[in-house]
Visitor: 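To start, I am sharing the structure in question, which I have written as structure tokens.
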Amino acid sequence: MTKEKVILFIYGVGGHEEQMKRLLNGFSECLESKYKYVFLAERGAKYKFSSNTIFTQELRNKHSLLKSIIHLPIFIYNLLTILFSLIRNYKIAFIVSTGPGLVLPYSIFFKIFSKTKIIFVETWSRFYSKSFSGKFMYKIADLFFIQSETLKSVYPKAKYSGRL
Amino acid sequence: MNILITVGTTSFDKLIKFCDLELSKYTHFNIIMQIAQGHYIPKNFQYFRFSNSIDNYYKNADVIICHAGAGTIYKLLELQKVLVVVPNLNRVDNHQLEITRFLAENNFAFCCDKIPDLVSIIEQELNEKQLSQYVKKSNTISNDIEGYILNKGL
């Protein structure tokens with residue numbers, strides 16, 4: 001069975017999904033005709049862009065560091081289950097993400113084991129410093145966007161193409 | 001004057017509580033509060049947690065007091081609304097301070113770093129200060145990503 005070529009879109013609650021919505025609006029039908037879209041989102045996200053959406057636990061709890069640590073084992077279990085399912089069914093050609101931290105373990109895994117190209121858009125709420133996911137994604141992304149020119153000095157190799 | 005207070009998708013009890021207690025003395029304000037999953041329940045004003053027709057509330061408001069969530073802010077600036085932005089510092093990181101600084105430096109909105117300052121902003125600045133207009137410029141992010149993907153094509 002030849003596995004379908006997939007673009008895996010990863011997004012989270014709040015601003016991350018707003019940005020993903022705007023990003024998706026800008027793609028043409030040409031892209032969707034060549035690649036299957038699969039979505040991975042934090043549970044609690046209000047947008048479901050297609051029926052091929054997996055909802056999962058956030059990497060970091062946004063209010064409590066302690067909760068992040070306590071929930072880590074469950075996160076890892078979910079991560080392994082989802083990775084297994086993705087590998088079994090798809091060829092992940094690209095990962096496109098607007099954050100948050102959820103994108104990290106998936107990007108690392110697919111970049112190492114699958115030659116997947118990683119595309120990351122640093123969040124529109126950052127102007128002077130790196131976000132948690134941006135800090136790490138800058139090192140592994142093949143294409144990294146910033147949405148404010150004030151971030152040029154912080155991410156010298158990033159591409160600025162305006163704001164979503 | 002119609003004022004909407006909105007906290008977006010995450011609770012901001014400190015702001016809601018302050019507004020509930022301190023703004024009730026302004027009888028000429030018609031205030032509605034959007035409180036998300038907040039635990040503090042307003043006593044003096046009409047409130048809701050979330051709404052599918054939040055756009056109507058945005059449209060009807062003369063002034064919007066909002067948390068410093070970028071999504072909310074850009075949407076409201078693009079609607080040319082007068083904003084009083086209050087960063088929510090009860091989060092794991094203080095990233096809301098960055099957009100607040102950006103807005104203050106460009107004079108796109110009234111910025112309230114400390115919640116008690118809301119009173120002086122409402123009593124003075126709102127009437128006296130003129131804001132700069134935020135103009136949304138177009139972006140090519142989606143185009144650039146699509147071009148990249150179609151070029152790389154496996």
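Letters go in sequence order (proteins before strands), and every chain restarts at 1. Any value given below was found using the heavy atoms of this structure, including those in side chains, with hydrogens, waters and symmetry copies removed. Only a predicted model underlies this, so the values are computations on that prediction, with no experimental measurement involved.
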Visitor: For A:Ile119, which atoms come within 4.5 Å of any heavy atom of chain B: side chain, backbone, both, or neither?
Guide: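 Just its side chain gets close to chain B.
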
Visitor: Between A:Tyr37 and A:Tyr11, is there shared hydrophobic-cluster membership here, with clusters defined by ILVMFWY side-chain heavy atoms closer than 4.5 Å?
Guide: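 Both belong to a single hydrophobic cluster.
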
Visitor: Once rounded to the nearest 0.5 Å, what's the spacing between atom NE2 of B:His95 and atom CZ of A:Phe132?
Guide: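 Here the interatomic distance stands at 14.0 Å.
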
Visitor: Take a 6.0 Å sphere around CD of A:Glu29 and say whether it holds more than 12 heavy atoms from other residues, nucleotides or ligands.
Guide: no

Visitor: Report the option among A:Glu17, A:Glu18, A:Lys117, A:Lys34 that has the most heavy-atom pairs separated by less than 4.5 Å from atoms of chain B.
Guide: A:Lys117

Visitor: Quick one: CG on A:Leu164 to CG on B:Asn139, what's the gap to the nearest 0.5 Å?
Guide: 5.0 Å

Visitor: Same cluster or not: A:Val38 versus A:Ile118, using hydrophobic residues (I, L, V, M, F, W, Y) connected whenever any side-chain heavy atoms lie under 4.5 Å apart?
Guide: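 Yes; A:Ile118 is reachable from A:Val38 via cluster members.
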
Visitor: Shared ILVMFWY cluster between B:Leu15 and B:Ile32, side chains joined below 4.5 angstrom?
Guide: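 No; B:Ile32 is not reachable from B:Leu15 via cluster members.
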
Visitor: One thing to verify: whether A:Arg22 and B:Glu78 come together as a salt bridge, which I'm taking to mean a side-chain N less than 4.0 angstrom from a carboxylate O.
Guide: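 A salt bridge is present here (some side-chain N lies under 4.0 Å from a carboxylate O).
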
Visitor: Is it the case that over 12 heavy atoms from other parts of the model lie below 6.0 angstrom from the NZ atom of A:Lys111?
Guide: yes

Visitor: Strictly less than 4.5 Å between heavy atoms, which residues of residues 44-54 of chain B line up against chain A? Please order them by number.
Guide: none

Visitor: Quick one: which residues of residues 69-87 of chain A reach chain B at under 4.5 angstrom, heavy atoms only?
Guide: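 Heavy-atom contacts from residues 69-87 of chain A to chain B are absent.
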
Visitor: Can you get from A:Tyr138 to A:Ile95 by hopping between Ile, Leu, Val, Met, Phe, Trp and Tyr side chains that sit under 4.5 Å apart?
Guide: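 Yes; tracing contacts between hydrophobic side chains, which count when under 4.5 Å, links both residues.
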
Visitor: For B:Ile141, is there any backbone N or O sitting under 3.5 Å from a side-chain donor or acceptor partner on A:Lys159?
Guide: no

Visitor: Look at atom NZ of B:Lys14 and say whether more than 12 heavy atoms of other residues, nucleotides or ligands are closer to it than 6.0 Å.
Guide: no

Visitor: Return the option, out of A:Ser131, A:Ser129, A:Gly14, with the maximum number of heavy-atom pairs under 4.5 Å with chain B.
Guide: A:Ser129

Visitor: Evaluate the side chain to side chain contact (heavy atoms under 4.5 Å, CB included) criterion for residues B:Ile145 and A:Val121: first the C-alpha distance (whole Å), next the side-chain angles of each, then the deciding distance (0.1 Å), finally the verdict.
Guide: CA-CA 10 Å; B:Ile145 291 178; A:Val121 183; 4.2 Å; yes

Visitor: Can you check whether A:Cys30 reaches B:Glu146 side chain to side chain, under 4.5 Å on heavy atoms?
Guide: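 In short, these two side chains touch, coming nearer than 4.5 Å.
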
Visitor: Assess the residue pair A:Ser125 and B:Glu98 against the criterion (side-chain hydrogen bond (donor to acceptor under 3.5 Å, both in side chains)); give the C-alpha distance rounded to whole Å, side-chain angles, the decisive distance to 0.1 Å, and a yes or no.
Guide: CA-CA 7 Å; A:Ser125 59; B:Glu98 292 211 6; over 6 Å; no

Visitor: Between B:Thr72, B:Thr9, B:Ile99, which has the largest tally of heavy atom pairs under 4.5 Å with chain A?
Guide: B:Ile99

Visitor: Donor-acceptor pair, distance only, cut-off 3.5 Å: does the side chain of B:Tyr74 make one with the backbone of A:Trp124?
Guide: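 A pair under 3.5 Å: yes.
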
Visitor: Does B:Lys136 reach the main-chain N or O of A:Arg163 with its side chain, forming a donor-acceptor pair under 3.5 Å?
Guide: yes

Visitor: Around A:Lys139, counting heavy atoms of other residues, nucleotides and ligands shown, do more than 12 lie under 6.0 Å from its NZ?
Guide: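 Atom NZ in A:Lys139 is not packed in, count stays at 12 or less.
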
Visitor: Mind checking whether A:Ile108 and A:Phe110 sit in one hydrophobic cluster, side chains of I, L, V, M, F, W, Y counted as touching below 4.5 Å?
Guide: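 Yes; A:Phe110 is reachable from A:Ile108 via cluster members.
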
Visitor: Cut-off 3.5 Å, side chains only: do B:Asp144 and A:Ser161 have a donor facing an acceptor?
Guide: yes

Visitor: Checking an interface table here. Which of residues 145-155 of chain A come within a heavy-atom distance under 4.5 Å of chain B?
Guide: A:Phe145, A:Gln147

Visitor: Any residues in residues 100-125 of chain B near chain A, with a heavy-atom distance under 4.5 Å, and which are they?
Guide: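 If one takes a 4.5 Å heavy-atom cut-off, the residues of residues 100-125 of chain B near chain A are B:Arg101, B:Phe102, B:Glu105.
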
Visitor: As an exercise, state the distance from OG of B:Ser142 to CG of A:Leu31, rounded to the nearest 0.5 Å.
Guide: 10.0 Å

